[in-house]
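This chain uses plain numbering: 1 for the first residue, then up along the sequence.
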Amino acid sequence: MELTALVDGSGVQRRITEINQIPLTYLERAGEGSETLTIFLHGLGLDAFDYLPYLKRHNGLAVAVTLHGFEQDHKQDVEPVALERHAQLVSGLIDELKRKHSDKRMILVGFSLGADLILRLGEYWRDENAQTELAAAILLDPNVNHTTMTISSVFAQAHLGLGVAAKRLISDLPDTDDALIATICEYIGRIGVKDFRHIRRLSQDAVNYWDPAGYSQIKNRLATVAKFAQQVRVVLSGPYGCHLPHLTAEPGLGGQIKFQHHSEKDHFALIGSDFLAHQLSEVTN
């Protein structure tokens, strides 16, 4: 099925732009009368279409970005780029959207590795002395150290491609957790249409971006994002709850950084349409 067929008649448009002569695609919901612009960043190996259910059901002005090289219908062989380059490209797109919608408050939402990208953006803006202003940044299950990087760690070492990596990943799962096995199998099916070289490169960069253990790194990175965002929300799913006491322990983070733990939610439930709507309502109302 053509990807455009998925958005036809939905009020969502699939668009393409060029940032420093490199194409980026995104989905856009026009959102008549919206006071905010919400920008969504996807997880490892995924793309903007993970947010299509939300975009179809909610009328606010919103954009879901597909990172360079992660399109489902890529038609040319493009070389993988580094995590830093992804941050530069997304920052360029944010600047472009801000010029187009200069009267809107901007909210940035990132899921999993997309949340890591928000942290990397904060560092990039700091280093570039950027004047970026966000009304809010919402990080859904960001990595905290290597203990949260099971999938990325396997993919980073996957010299023989996705097939071998998938077998290793599934073999390491507990036999008693049928729901988790089903979720991982579905995820592997979704990323199977992608050029795995891009997934592997981003996995390698993500592993190198984080310390093996400890929490000072993520605290410092969240504090950097807070320099550009009026509110910072870190939302954790059930399996990530064990990290909450460490993130909130003294010396803590500033009052503008809030943490939530949803023990009943699994990782991918955080990008469900209703859950996203609830999270956004908390920073817009």
Side-chain angles (χ1 to χ4, degrees), residues 36-46 48 50-55 57-58 60 62-65 67 90 94 105-122 134-152 179-180 183 187 206 209-210 215 217-249 252-285:
T36 61
L37 164 62
T38 305
I39 301 173
F40 296 98
L41 304 175
H42 61 77
L44 178 64
L46 302 174
D50 290 284
Y51 295 107
L52 184 58
Y54 174 87
L55 297 179
R57 292 181 58 186
H58 299 87
V63 164
V65 183
L67 298 183
V90 171
I94 290 173
R105 299 168 65 248
M106 186 181 297
I107 298 172
L108 193 55
V109 180
F111 167 66
S112 197
L113 197 134
D116 288 17
L117 186 54
I118 293 178
L119 299 173
R120 186 64 188 86
L121 279 164
L134 303 174
I138 302 176
L139 292 81
L140 308 169
D141 270 356
N143 285 306
V144 299
N145 51 47
H146 284 190
T147 65
T148 58
M149 306 189 74
T150 302
I151 293 176
S152 298
L180 178 59
T183 298
Y187 168 69
Y209 185 60
W210 290 103
Y215 296 87
Q217 209 174 36
I218 187 171
K219 288 185 177 185
N220 291 336
R221 288 170 173 168
L222 287 170
T224 299
V225 172
K227 295 178 181 179
F228 300 94
Q230 296 172 19
Q231 300 182 62
V232 178
R233 299 263 179 142
V234 180
V235 183
L236 305 177
S237 65
Y240 280 62
C242 60
H243 302 287
L244 188 61
H246 303 280
L247 293 171
T248 56
L253 295 165
Q256 72 197 91
I257 303 175
K258 306 294 185 184
F259 295 90
Q260 295 181 9
H261 176 219
H262 294 266
S263 59
E264 78 287 0
K265 299 290 185 183
D266 66 27
H267 184 57
F268 288 97
L270 300 190
I271 53 174
S273 178
D274 290 340
F275 188 82
L276 287 171
H278 177 71
Q279 291 300 315
L280 287 165
S281 70
E282 291 190 344
V283 297
T284 55
N285 294 336

Any non-hydrogen side-chain atom of [X] less than 4.5 Å from a side-chain atom of [Y]?
X      : Y      : value
Val90  : Ile39  : no
Val283 : Gln230 : no
Leu119 : Tyr209 : yes
Leu140 : Val109 : yes
Gln260 : Arg233 : yes

### Task
List for me each residue that meets salt bridge (charged side-chain N to carboxylate O under 4.0 Å, His left out) alongside Arg105, sequence neighbours excluded, and say none if there are none.
none

### Message
Show, in sequence, the C-alpha distance, side-chain angles and deciding distance for Thr147 and His243, and conclude whether the side chain to side chain contact (heavy atoms under 4.5 Å, CB included) test is met.
### Response
CA-CA 10 Å; Thr147 65; His243 302 287; 3.2 Å; yes

Please report the shortest heavy-atom distance between [X] and [Y], naming the atom on each side.
X      : Y      : answer
Ala229 : Ala136 : CB-C, 4.3 Å
Lys219 : Leu247 : CE-O, 3.5 Å
Gly114 : Leu41  : O-CD1, 3.8 Å
Ile138 : Gln279 : CD1-O, 4.1 Å
Val235 : Pro142 : O-CD, 4.4 Å
Ile118 : Gly110 : CD1-N, 3.3 Å

### Query
Checking Gln217 side chain against Asn145 main chain: does a donor-acceptor pair fall under 3.5 Å?
no

Spacing of [atom1] belonging to [X] relative to [atom2] belonging to [Y], to within rounding of 0.5 Å:
X      : Y      : atom1 : atom2 : value
Phe268 : Ser237 : CZ    : OG    : 10.0 Å
Leu108 : Leu117 : CG    : CG    : 8.0 Å
Leu134 : Leu37  : CG    : CG    : 10.0 Å
Met149 : Asn143 : CE    : CG    : 4.5 Å
Ile271 : Tyr54  : CD1   : OH    : 13.5 Å
Arg221 : Leu121 : CZ    : CG    : 12.5 Å

### Task
On the 0 to 90° scale, with breaks at 30° and 60°, tag the Tyr240-His267 ring pair as parallel, tilted or perpendicular.
parallel

### Query
So which of Leu46, Ile151, Leu44 actually passes side chain to side chain contact (heavy atoms under 4.5 Å, CB included) with Leu113?
Leu44

### Query
Where do Phe40 and Phe111 land on the ring pair (Phe, Tyr, Trp, His ring centres under 6.0 Å) test, with the steps shown first?
CA-CA 8 Å; Phe40 296 98; Phe111 167 66; over 10 Å; no

